[in-house]
J.: 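The structure under discussion is supplied below as structure tokens; questions concerning it will follow.
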Amino acid sequence: MTGSESTFPNLLSPITINGLTVRNRIVSSGHGTRLADRHQVSDRLLAYHAARARGGAGLIITEAAMVDLESVASPTHLVVATDDIIPSFQRLSDTLHGHGCALIGQVFHLGLEMTNGADGRRAVAYGPSASPSERYHTAGREMPTRHVRETVARFADAAGRMKRGGMDGIEVAASHGYLVAQFLSPSLNRRTDEYGGSFTNRMRFLREIIGAIRERIGPELVLGMRISGDEMVAEGLDADEVLEICRTVGADGGLDYFNVTAGSSRQAGAAVQIIPPMSTEIAQTAPFSAAIKAVVDQPTIAVGRINHAGVAEEVIASGQADMCGMTRAMITDPELANKLMAGRAEDVRQCIGCNQACIDRMHRGYGVSCIQHPETGRETLFGKANPATVRKRVMVAGGGPGGMKAAAVAAERGHDVTLYEKSNRLGGQALLAQLLPRRAEFGGIVTNLQREMELAGVRVELGIDVDRSTVEREAPDSVIVATGATVRRPEMEGADEAHVLDAWQVLEGGRNIGSNVVIADWRCDWIGLGLAEELARDGCRVCLASTGHVAGETIPRYMRDLWLGDMHKLGVELVPLARLFGVNGDTVYFQHVASGDPIIMEGIDTVVLSQGHDPLCALEQALDGWPGEVFPVGDCLAPRTAEEAVLEGLEVAWNL
């Protein structure tokens with residue numbers, strides 16, 4: 001037994017499911033990627049999954065593949081409603097099998113959670129009953145009995161196509177409040193035919209799907225089911241109901257495993273649990289998996305915030321699950337399994353649960369990626385690092401995420417790289433971001449990028465503020481300017497007489513805040529919401545006035561929704577569409593963004609500014625006319641987020 005296998009003896013051990021031997025217990029569970037092209041497995045999607053298969057993943061489950069054209073909401077959805085999909089599935093199967101990875105396809109229908117059709121129109125949302133969707137604002141239409149039976153057949157047809165495409169198994173999506181789960185729910189299923197009413201009738205749709213798929217694929221392929229251990233929503237399935245469902249279909253004998261998740265798409269608070277962000281508990285669905293495992297004979301997979309190999313090992317060792325979905329962990333580090341097998345656990349790039357470039361990009365219609373590892377989703381552009389044809393001396397000015405990524409990639413390609421940071425600590429604004437409530441995990445981006453630099457052989461010089469004379473003395477071939485930004489304090493009337501602090505001053509502590517605070521939030525991001533939570537928990541009466549339609553308008557949807565719920569609990573007053581105008585003593589003046597009318601707040605002790613940042617361009621400007629190459633990246637180019645800084649660092653270093 002190798003050292004790594006002794007450290008992770010359960011996680012790295014093989015498991016056999018209905019004759020399919022999976023080389024380890026590490027699973028990439030079904031998740032939207034937006035990498036499909038015209039409903040087919042594209043080159044980008046193939047390369048994305050291939051990177052994780054090559055990286056040692058035991059099992060990859062495809063993203064939801066729509067069994068019916070009525071459930072297609074985007075050209076980037078996989079659709080398995082026609083035989084056209086079979087060749088691209090075969091190409092995916094051949095590729096992943098070539099890397100020793102098992103592949104299971106997920107069959108899916110949105111049901112009442114349908115929004116727009118693939119052509120952009122508001123679609124008809126079919127479900128067990130005509131129930132409205134609170135989240136997507138669709139009215140819903142009850143499926144006629146004939147339609148229900150046709151849908152069962154379409155699930156079976158889809159599974160047959162996946163079998164012909166070379167997949168090792170099929171997974172039925174009965175999770176997250178989508179169509180199959182809607183039929184199971186006594187609140188959503190109010191039918192009076194054989195598919196509604198009693199528990200037996202509500203189970204009929206699922207059981208017929210399982211039976212039809214098993215008949216179509218035969219006994220030799222794996223057949224599993226994904227289900228939320230608790231949908232965590234008033235009209236959804238609770239944990240006791242889910243246990244009875246699993247006990248029943250488990251005893252039927254058609255299934256080979258249960259993939260246990262949590263949450264529901266139907267309401268904002270429950271949708272957060274689908275892909276829980278960093279502010280939620282680690283491995284929070286493992287207890288649901290354990291409960292289901294106790295009432296079925298089939299193995300279970302636990303998913304949800306299992307972003308560390310040690311956590312996954314404990315989940316399996318404690319008997320809560322047989323396998324672990326480490327999906328975001330492998331979005332962040334496709335080589336996760338290989339590194340563990342090689343005894344290099346300290347080199348694994350840890351997911352920080354920010355949801356910023358993975359699920360948020362998907363929600364915005366763009367392909368999946370990672371703020372720490374932007375190569376993810378861009379594997380066709382950035383595969384294995386290409387060795388530099390000419391070795392250059394590279395100076396990187398600035399030790400924030402953008403500069404660190406640029407330095408690591410440039411050194412990995414063979415350049416001679418030195419990074420200079422004016423402070424005595426690497427990290428830049430990430431060091432401030434991690435001070436926000438429940439954002440401490442964000443600091444992991446610094447740890448991860450620092451390790452990448454160490455492995456690549458980057459020299460680091462701290463406490464040096466680079467200027468033109470520094471560049472001329474060191475005489476590099478190229479300078480990557482990653483000097484970042486400084487906090488913006490816009491001019492406004494009365495600022496000299498009032499108590500006005502900026503966000504950085506509050507985060508750094510030691511300031512007299514007072515009891516009544518208004519936060520003037522131009523950015524509409526994590527900062528305003530985080531400051532509001534921190535000050536409210538400190539006992540302040542807080543008003544968060546944002547220029548956007550809602551506080552947190554620019555951040556990942558699930559994180560925003562979770563934080564807005566907390567704002568309500570903490571009694572924070574939220575004022576949207578409010579532009580800061582000026583102050584006069586303890587009175588603060590805003591303008592309504594749409595109407596231009598005044599919004600006046602009185603009795604305010606402190607105004608906290610979250611007004612964005614100004615780029616630090618001095619070095620770039622000082623190097624005007626210098627004969628070497630100069631490449632600005634990140635906030636010194638234009639203040640944005642860590643996602644853009646790291647991506648630009650990669651792009652510049654890749655092309656040196």
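These numbers come from a predicted model, not from an experiment. One is the number of the first residue; the rest follow in order along the sequence.
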J.: Any luck finding a side-chain donor-acceptor pair between R523 and H613 under 3.5 Å?
T.: yes

J.: Pairing donors with acceptors under 3.5 angstrom, does anything connect the side chains of D635 and Q429?
T.: yes

J.: Can a side-chain donor-acceptor contact be found between Q372 and D333 if the only test is distance below 3.5 angstrom?
T.: no

J.: Side-chain polar contacts of residues 531-544 - donor-acceptor pairs under 3.5 angstrom, sequence neighbours left out - could you list them?
T.:
from : atom 1 : to   : atom 2 : distance (Å)
E533 : OE1    : R438 : NH2    : 2.9
E533 : OE1    : W563 : NE1    : 2.6
E533 : OE2    : R438 : NE     : 3.4
E533 : OE2    : R537 : NE     : 2.9
E533 : OE2    : R537 : NH2    : 3.3

J.: Using side chain to side chain contact (heavy atoms under 4.5 Å, CB included), reason through E573 and M567 one step at a time and then give a plain yes or no.
T.: CA-CA 8 Å; E573 181 184 1; M567 294 297 100; over 6 Å; no

J.: Which pairs with one or both residues in residues 490-500 pass side chain to side chain donor-acceptor pair (under 3.5 Å), sequence neighbours excluded?
T.: H499-T606

J.: Identify the two heavy atoms, one from Y420 and one from V466, that lie closest to each other, and give their separation to 0.1 Å.
T.: CB-CG2, 3.4 Å

J.: Determine, step by step, whether E553 and R560 satisfy the salt bridge (charged side-chain N to carboxylate O under 4.0 Å, His left out) criterion, reporting the C-alpha distance in whole Å, the side-chain angles of both residues, the deciding distance to 0.1 Å, and the verdict.
T.: CA-CA 7 Å; E553 188 171 62; R560 179 192 67 216; over 6 Å; no

J.: What pairs of residues pass the side chain to side chain donor-acceptor pair (under 3.5 Å) test when at least one of them lies in residues 276-287, not counting sequence neighbours?
T.: Q273-Q284

J.: Go through it in stages, so that I can follow the logic: the residues are Q621 and D624, the test is side chain to side chain donor-acceptor pair (under 3.5 Å), and I'd like the CA-CA distance, side-chain angles, deciding distance and then a yes or no.
T.: CA-CA 5 Å; Q621 293 167 351; D624 185 32; over 6 Å; no

J.: Name all residues meeting the ring-ring contact (aromatic ring centres under 6.0 Å, His included) criterion together with Y558; count only those two or more places apart in sequence or in a different chain, and write none if there are none.
T.: H363

J.: Give a yes or no on whether K422 atom NZ has more than 12 heavy-atom contacts from other residues, nucleotides or ligands under 6.0 Å away.
T.: no

J.: Without swapping roles, check the side chain of R305 against the backbone of P277 for a donor-acceptor pair under 3.5 Å.
T.: yes

J.: Mind running side chain to side chain contact (heavy atoms under 4.5 Å, CB included) on I282 and N307 for me, showing each step along the way?
T.: CA-CA 8 Å; I282 293 288; N307 61 343; 3.5 Å; yes

J.: Any salt bridge linking D416 with R459? Criterion: basic side-chain nitrogen under 4.0 Å from a carboxylate oxygen.
T.: yes

J.: Taking only residues two or more places apart in sequence or in another chain, which ones pass ring-ring contact (aromatic ring centres under 6.0 Å, His included) with H308?
T.: none

J.: Got a sec, which residues hit salt bridge (Lys or Arg N to Asp or Glu O under 4.0 Å) with R425, two or more places apart in sequence or on another chain?
T.: none

J.: Tell me, please, which residues at least two apart from Q611 pass side-chain contact (heavy atoms from CB on, under 4.5 Å).
T.: P490, A520, W522, L609

J.: So which of S289, S228, S29 actually passes side chain to side chain contact (heavy atoms under 4.5 Å, CB included) with T261?
T.: S228

J.: Should R52 and T376 be marked as a side chain to side chain donor-acceptor pair (under 3.5 Å) after you check the CA-CA gap, both sets of side-chain angles, and the distance that decides it?
T.: CA-CA 10 Å; R52 279 130 199 92; T376 284; 2.9 Å; yes

J.: Please give me the minimum heavy-atom distance between A283 and V315, naming the atom from each residue.
T.: CB-CG2, 4.2 Å

J.: Considering non-hydrogen atoms only, spot the tightest contact between I480 and A406 and give its length.
T.: CD1-CB, 3.8 Å

J.: Has the side chain of R439 got a donor or acceptor atom that lies under 3.5 Å from a matching backbone atom of A433?
T.: no

J.: Treating N448 as the side-chain partner and Q350 as the backbone partner, does any N or O pair qualify as donor plus acceptor under 3.5 Å?
T.: yes

J.: Is the closest side-chain donor-acceptor distance between T327 and S28 under 3.5 Å?
T.: no

J.: Please report the closest heavy-atom contact between G229 and F288, naming both atoms and the distance.
T.: CA-CB, 3.8 Å

J.: May I ask you to check whether R378 and S369 show a side-chain donor-acceptor distance below 3.5 Å?
T.: yes

J.: Looking only at side-chain N and O atoms, does D605 offer a donor or acceptor that is under 3.5 Å from a partner on S515?
T.: yes

J.: Identify the residue among E651, E375, E412 that makes a salt bridge (Lys or Arg N to Asp or Glu O under 4.0 Å) with K405.
T.: E375

J.: Would you mind writing out the side-chain donor-acceptor pairs for residues 586-601 within the sub-3.5 Å range, not counting sequence neighbours?
T.:
from : atom 1 : to   : atom 2 : distance (Å)
Q591 : OE1    : R579 : NH1    : 3.0
H592 : ND1    : A594 : N      : 3.1
H592 : ND1    : S595 : N      : 3.1
S595 : OG     : D597 : N      : 3.1

J.: Using the ring-ring contact (aromatic ring centres under 6.0 Å, His included) criterion, which residues pair with F631? Sequence neighbours excluded.
T.: none

J.: Enter the distance from C324:SG to E313:CD here, rounded to the nearest 0.5 Å.
T.: 9.0 Å

J.: Go through the steps for D477 and R393 under the test salt bridge (charged side-chain N to carboxylate O under 4.0 Å, His left out), then give the verdict.
T.: CA-CA 5 Å; D477 299 298; R393 294 187 67 239; over 6 Å; no

J.: Quick check against the 3.5 Å criterion: does Q267 have a side-chain atom that pairs as donor or acceptor with the backbone of G269?
T.: no

J.: Can you measure from CD1 (I371) to CD (E644) and round to the nearest 0.5 angstrom?
T.: 9.5 Å

J.: Listed by chain and number, what are the side chain to side chain donor-acceptor pair (under 3.5 Å) partners of Q356, not counting sequence neighbours?
T.: T641

J.: In plain terms, say whether E335 and R344 are close enough for a salt bridge, that is, a side-chain N and a carboxylate O under 4.0 Å apart.
T.: no

J.: One pair to check against side chain to side chain contact (heavy atoms under 4.5 Å, CB included): V646 and H373. What are the steps and the verdict?
T.: CA-CA 8 Å; V646 175; H373 190 64; over 6 Å; no

J.: Which distance, rounded to the nearest 0.5 Å, do you find between the CG of L507 and the CG of L501?
T.: 11.0 Å

J.: Run the salt bridge (Lys or Arg N to Asp or Glu O under 4.0 Å) test against R557 and tell me which residues pass, sequence neighbours left out.
T.: none

J.: Side chain to side chain contact (heavy atoms under 4.5 Å, CB included) for M326 and I306? Distances and angles first, verdict last.
T.: CA-CA 6 Å; M326 302 188 71; I306 303 177; 4.2 Å; yes

J.: Could you tell me whether K339 and E346 have a side-chain N and a carboxylate O separated by less than 4.0 Å?
T.: no

J.: Judged by atom type as modelled, is there a donor-acceptor pair below 3.5 Å linking the side chain of E629 to the main-chain atoms of S478?
T.: no

J.: Compare every heavy atom of A329 with every heavy atom of C351, then report the nearest pair and how far apart it is.
T.: CB-CA, 4.1 Å

J.: Testing the basics here: between G236 and E231, what is the closest heavy-atom pair and its distance to 0.1 Å?
T.: CA-OE1, 3.1 Å

J.: Could you tell me whether the side chain of R488 and the main chain of G612 form a donor-acceptor pair under 3.5 Å?
T.: no

J.: Could you list the residues that satisfy salt bridge (Lys or Arg N to Asp or Glu O under 4.0 Å) with E454, not counting sequence neighbours?
T.: R451

